[in-house]
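Order of appearance sets the numbers: ligands from 1, and atoms from 1 within every ligand.
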Amino acid sequence: MEPKIEELKAKLKKYGQEHLLNGYDKLDDKHKHELIKQIEDIDFELINKLYEDTKKKPKTNEDKITPIEYLDKYKLGDKYKYYENIGKKAIKEGKLAAVTMAGGQGTRLGHTGPKGTFDIGLDSHKSLFELLCDNLKEEGKKYDVIIPWFIMTSRENNAATIEFFEKHKYFGYQKDKNLFFFEQGELPMVDTEGKILIGEDGLIKEAADGHGGIYESLVKSGMTKRMRNMGIEWVFIGGVDNCLVKMVDPVLMGIAIDKNVTVACKSVVKANPHEKVGVFCKRNGRPNVIEYSEITDEMAEARDEDGELLYGESHILCNLFKVDAIERMGAEPLPYHVAFKKAKYIDKDGKLVVPDSPNAYKFEAFLFDAFGEVDEMAILRVKREEEFAPVKNADSAGVDCPSTARELYKNFKLKNK
Ligand code: UTP
């Protein structure tokens, strides 16, 4: 062990991170081993660069943003059935799997435990995971298949997630047969001086690397290989926090197959031109999502000759990918976005610091930053009341919260009895 420590010390010195081994001697063997592994795995060049970037002024955006074409699911006319039949055939052939991204921290919601275990307050008291699973089972029945389900967790919530599923007998699914868990990647958090933080457990304080980590994690964890072995060609990737997410959609799939694209996304039209959501666009000629903060008022309000907003298709984390697109996207690094967060840490004197204001940078990749990898994608506008009931905030926020999601869910069920 000792020669390795000397080697690591030299590496840490090079990057000004020697403090990471300050508490090493006080750790038990298991934690010593874990800390060493963490240090070995960190890409210090990347962390340095990400930290340096936090000091730079955001560069003025010179990207060329233009509108992107979309289809409206309810204006497809005869084509609706045509696409639906193509999709139905592929689903029946077992070519579709669902991935649920459940690695987020759910800080805004403030629920202790994985967000998927949250009960939105229905009479059934079903958790988000169970609501999603109900939908998968119901859809699978229509096509006489079991839709394989892959769940992305984080190191922080993996054990609690699996325990929850075990307790509920996997909601009728079978672990390692048609239900799979895999962990997403993490990046260390750094303070305002660029020093990597040590957490209460004496280990490096790492945070999930954002939903953009999905592609790399699916590949690295061997899930894409598994999908191929299972004959899966298409993968719906959605969040855990939309209780109306429709993961099995033959029309979306039929469009992707017919148009020969490897990515097909769903959108809902913005509630108003200034709604704070990211919208689909083309960036320098390639598919992308533009954040509300990046768009001018003039662009936000611009309409086409039919009166539709030019930038009105909100990205709702409902995206369908061909397995090979995931593999290509997983091979290319995505840009990281920075968030300034509150993070408890152990200082250089070994004392626990509990900050009352943000003190640390967290780096996250966004799933849609990979969209530019494809030349063309299909976008299908669906109805908000049918497919989008997000649970982001606590009820006190009044929007995208348990009570609003519950109402949307109940209304949808009532209408579709
Ligand atoms: P959000 O960023 O909207 O929610 O993620 P969050 O991370 O759960 O909550 P906040 O931002 O801390 O309040 C949207 C979806 O992406 C998943 C989330 O679990 C959710 O389903 N996600 C997000 C991940 O799986 N990993 C991440 O690192 C981030």
Side-chain angles (χ1 to χ4, degrees), residues 50 98-118 120 127-129 131-133 135 149-158 160-162 164 180-189 205-218 220-221 223 235-247 265-266 276-278 289 291-292 314-319 321 326 330 334-343 358 360-370 387-397 399-402 404-405:
L50 293 176
V99 171
T100 296
M101 298 185 294
Q105 290 182 305
T107 35
R108 285 168 291 172
L109 180 63
H111 164 60
T112 41
K115 208 181 204 179
T117 65
F118 186 72
I120 63 164
S127 61
L128 285 168
F129 278 134
L131 296 177
L132 264 54
C133 189
N135 174 258
W149 195 18
F150 295 77
I151 296 178
M152 180 168 85
T153 64
S154 63
R155 185 176 54 89
E156 210 176 334
N157 72 17
N158 183 64
T161 303
I162 297 179
F164 184 79
F180 307 92
F181 296 92
F182 64 101
E183 274 183 46
Q184 72 174 106
E186 292 188 306
L187 283 174
M189 294 183 79
K205 187 142 191 126
E206 301 201 78
D209 60 1
H211 45 58
I214 183 76
Y215 310 105
E216 196 185 353
S217 327
L218 275 170
K220 274 198 178 161
S221 62
M223 292 299 149
V235 184
F236 180 91
I237 302 182
V240 73
D241 50 7
N242 172 8
C243 60
L244 280 181
V245 62
K246 198 161 188 277
M247 295 175 272
C265 307
K266 296 199 201 190
K276 291 186 171 170
V277 289
V289 168
E291 298 279 12
Y292 62 87
S314 323
H315 173 245
I316 52 169
L317 265 191
C318 288
N319 305 313
F321 297 83
I326 295 176
L334 290 181
Y336 287 103
H337 302 254
V338 63
F340 199 39
K341 299 261 178 180
K342 275 197 272 185
Y361 296 114
K362 176 182 174 191
F363 305 106
E364 285 186 297
F366 296 162
L367 170 136
F368 49 77
D369 279 329
E387 306 207 22
F388 192 47
V391 186
K392 297 283 178 197
N393 308 306
D395 265 337
S396 53
V399 285
D400 298 345
C401 57
T404 53

Per-ligand residue contacts, ligand 1, heavy-atom threshold under 4.0 Å
Met101, Ala102, Gly103, Gly104, Gln105, Gly106, Thr107, Arg108, Lys115, Met152, Gln184, Ala208, Gly210, His211, Gly239, Val240, Asp241, Leu317, Lys392
For the backbone of Ala389 and the side chain of Asn242, can you confirm whether one donor and one acceptor N or O come within less than 3.5 Å of each other?
yes
Would you say the side chains of Lys362 and Gln105 form a donor-acceptor pair under 3.5 Å?
yes
About how many Å separate NE2 of His211 and CD of Glu364, when rounded to the nearest 0.5 Å?
7.0 Å
Tyr361: partners by ring-ring contact (aromatic ring centres under 6.0 Å, His included), with sequence neighbours left out:
Phe340
Trace of the side-chain contact (heavy atoms from CB on, under 4.5 Å) decision for Phe129 with Thr161:
CA-CA 10 Å; Phe129 278 134; Thr161 303; 3.7 Å; yes
Lys266/Glu387 ion pair, N-O < 4.0 Å:
yes
